[in-house]
Amino acid sequence: MNLTRRQILALSAGATAFAASGLGISIAAADAAATQKNIMAFTGGKTPKSGMITLTAPEIAENGNTVPVSVSVASEMTEQSYVQSVMLLAEENPNPGVATFHFTPMSGEASATTRMRLARTQNVIAVAKMNDGSVFMDKKQVKVTIGGCGG
Amino acid sequence: MAKPKPRVKLPKSAAAGEVITIKTLISHKMESGQRKGKDGKIIPRRIINKFTCEFNGKPVFTCDIEPAISANPYFEFSAKVMESGNFKFAWLDDNGETYSIDRPITVK
Amino acid sequence: MLNKNFTTATIAFAVGSVMAIAGATAEPVNDALVIDGETLITVTKSIEGHPLDEVRSGWLYRTKETRELEADSFQNPGMLYVERGEEIYNTADGKAGKSCASCHNDATASMKGVGASYPKWDADAQRPINIELRINKCRTENMGATPYKFDAADQKALTTYIKHQSLGMPVTVDLSKGKLQNWWERGNKLYYSRTGQLDLSCASCHELNNGKYIRADHLSQGNVNGFPTYRLKQANVVSLHNRFRGCIRDTRAEYPKAFSDDLMALEVYTTWRSSGLSVETPAVRQ
């Protein structure tokens with residue numbers, strides 16, 4: 001069948017709309033559920049509170065391939081009270097898990113910096129677990145852009 | 001991929017009880033297992049899946065790593081040093097290899 | 001015939017409109033690039049005959065996080081390739097059993113300034129020669145080693161290592177040697193020639209629209225003082241000819257072969273345009 005340019009454009013516009021309405025939404029929902037599952041597994045079912053932990057990430061990522069992120073938890077890091085682990089998640093990546101940092105009282109400070117991959121604009125989440133089982137969370141949205149010439 | 005090369009930055013000496021900053025970097029593609037090759041087949045995953053830092057044999061900082069960590073993985077973290085000794089840094093590769101670096105530190 | 005021209009014109013107009021509508025302009029930042037205590041030249045008066053008054057490094061057009069990554073010589077992932085290049089430099093290769101070091105000794109001394117003054121005139125080949133081709137010439141003529149294929153990992157690492165020895169030094173190209181002036185003219189012409197379905201020349205973006213955004217990329221002047229560059233997108237060092245080919249490909253034109261006459265001419269010309277800026281190799285860009 002010979003399609004005119006006009007027909008092809010109409011078809012692809014329709015296809016895009018379909019993807020956005022149907023498939024698109026269901027993928028987002030799956031990611032949110034997977035992220036929640038990861039968090040609950042990490043916290044042992046507890047809902048993390050806000051506070052104590054600060055997640056630092058750029059507002060706009062120059063490139064989604066390499067996005068610098070830092071976490072810092074307000075803790076004295078003594079034998080009695082210290083941060084055990086901090087889990088990093090990216091809500092809308094193919095898999096939400098990014099990394100889990102495990103600290104010890106010998107860490108001195110519960111802070112770490114790394115660089116991560118982000119598939120698209122989304123929330124980056126950091127969850128901290130203390131040695132007494134309490135859990136805290138911070139969240140930041142990072143905009144991931146598409147470069148100009150695709151070069 | 002050429003053999004992954006690690007590099008570490010930390011002070012040569014510190015005061016007892018001082019919290020020092022340690023920076024680490026290693027060359028590694030961190031093949032996520034999400035990409036397809038020219039033949040349309042998935043390129044198998046191969047990443048550094050764990051990073052450990054020990055001081056005088058005791059764990060200081062560990063990181064469990066997923067494919068969402070960027071290529072040439074970078075980790076920056078802290079350590080509180082109470083005595084002189086030896087830091088050992090190790091990166092565990094999916095393929096079973098371990099790359100490691102030792103660094104001494106003098107603590108006054 | 002008429003149809004094809006109309007289509008091209010429509011696309012060009014559309015692109016032009018998008019760029020104008022996107023309108024977002026941001027001045028490149030006023031920031032100093034200091035690496036290990038040394039301040040690099042990122043803004044300078046342009047060379048005599050340059051169409052712009054001032055030349056600015058692409059570093060100034062990047063986000064704070066990206067700029068910081070380049071300024072930290074430990075964190076800069078490009079430095080991993082410098083280290084790898086150093087390894088290669090000191091490893092014997094080829095029938096003569098020599099390494100680069102066998103003749104050139106300590107690179108920090110012998111290679112200082114080299115990266116800042118290429119491309120040069122190659123009298124043997126009667127054409128310009130860049131670092132990659134110079135390495136291959138040494139390999140075949142002096143080491144009895146096979147020349148590197150374009151963009152071989154080792155070629156990129158070694159080129160990065162050699163150029164890095166000129167870090168901070170101003171880019172300069174001596175057009176008085178051989179017939180380099182002719183090649184400059186060829187490159188000059190190419191720089192302003194529109195190509196591809198998108199009908200864009202280098203100047204369309206880098207001279208007429210630097211400072212504006214093309215989609216989300218902050219357009220720089222397209223200077224070449226940082227190549228090979230660590231690109232966040234590839235999470236790898238990227239060579240200059242790779243970048244030329246990528247840019248031309250993105251205008252949806254057929255792109256020339258690496259080290260072809262056209263690209264060598266373009267290298268001569270764009271290096272001249274970057275005169276005065278510090279060598280930043282390995283730069284960090286998006």
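A quick note: this is a predicted structure, and the numbers were derived from the prediction, not measured. Within every chain, numbering begins at 1; the chains are lettered A, B, ... in the order of the sequence lines, protein sequences first and strands thereafter.
- With rounding to the nearest 0.5 Å, the separation of CE in B:Met30 from CZ in A:Arg117 is 6.5 Å.
- Among B:Asn49, B:Ile20, B:Thr62, B:Val19, the residue with the largest count of heavy-atom pairs under 4.5 Å with chain A is B:Thr62.
- Per-residue counts of heavy-atom pairs under 4.5 Å with chain B were compared for A:Ser70, A:Ala99, A:Pro68; the largest is that of A:Ala99.
- The backbone N or O of B:Ala79 lies less than 3.5 Å from no partner atom in the side chain of A:Ser107, so there is not a single donor-acceptor pair.
- In this structure, the portion of A:Asn93 lying under 4.5 Å from any heavy atom of chain B is its side chain and not its backbone.
- In this structure, CZ on A:Arg115 lies 10.0 Å from CZ on B:Phe75, to the nearest 0.5 angstrom.
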task = Show the numbers, then the answer: is there a side chain to side chain contact (heavy atoms under 4.5 Å, CB included) between B:Lys58 and A:Met106?
result = CA-CA 9 Å; B:Lys58 295 208 195 84; A:Met106 278 179 75; 4.2 Å; yes

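- How far CZ of B:Phe51 is from OG1 of A:Thr114: 10.0 Å, rounded to the nearest 0.5 Å.
- Heavy atoms of A:Val67 lying under 4.5 Å from chain B belong exclusively to its backbone.
- Between B:Phe61 and A:Phe103, the distance separating the two ring centers is shorter than 6.0 angstrom.
- When every heavy atom of B:Ile69 is checked against every heavy atom of A:Val98, the shortest pair comes out as CG1-O, 3.6 Å.
- Atom CG of A:Asn95 sits about 6.0 Å away from atom CD of B:Gln34, to the nearest 0.5 Å.
- Side-chain N or O atoms of A:Thr113 include none that pairs as donor or acceptor with a backbone N or O of B:Glu76 at under 3.5 Å.
- Neither the backbone nor the side chain of B:Ile47 comes within less than 4.5 Å of any heavy atom of chain A.
- Of all heavy-atom pairs between A:Gly97 and B:Ala68, the closest is O-CB, 3.9 Å.
- Counting heavy atoms of neighbouring residues, nucleotides and ligands inside a 6.0 Å radius, atom NZ of B:Lys50 does not exceed 12 of them.
- Crowding of A:Lys140 atom NZ: a count of heavy atoms from other residues, nucleotides or ligands under 6.0 Å exceeding 12.
- Around CD of A:Gln141, the count of heavy atoms belonging to other residues, nucleotides or ligands within 6.0 Å exceeds 12.
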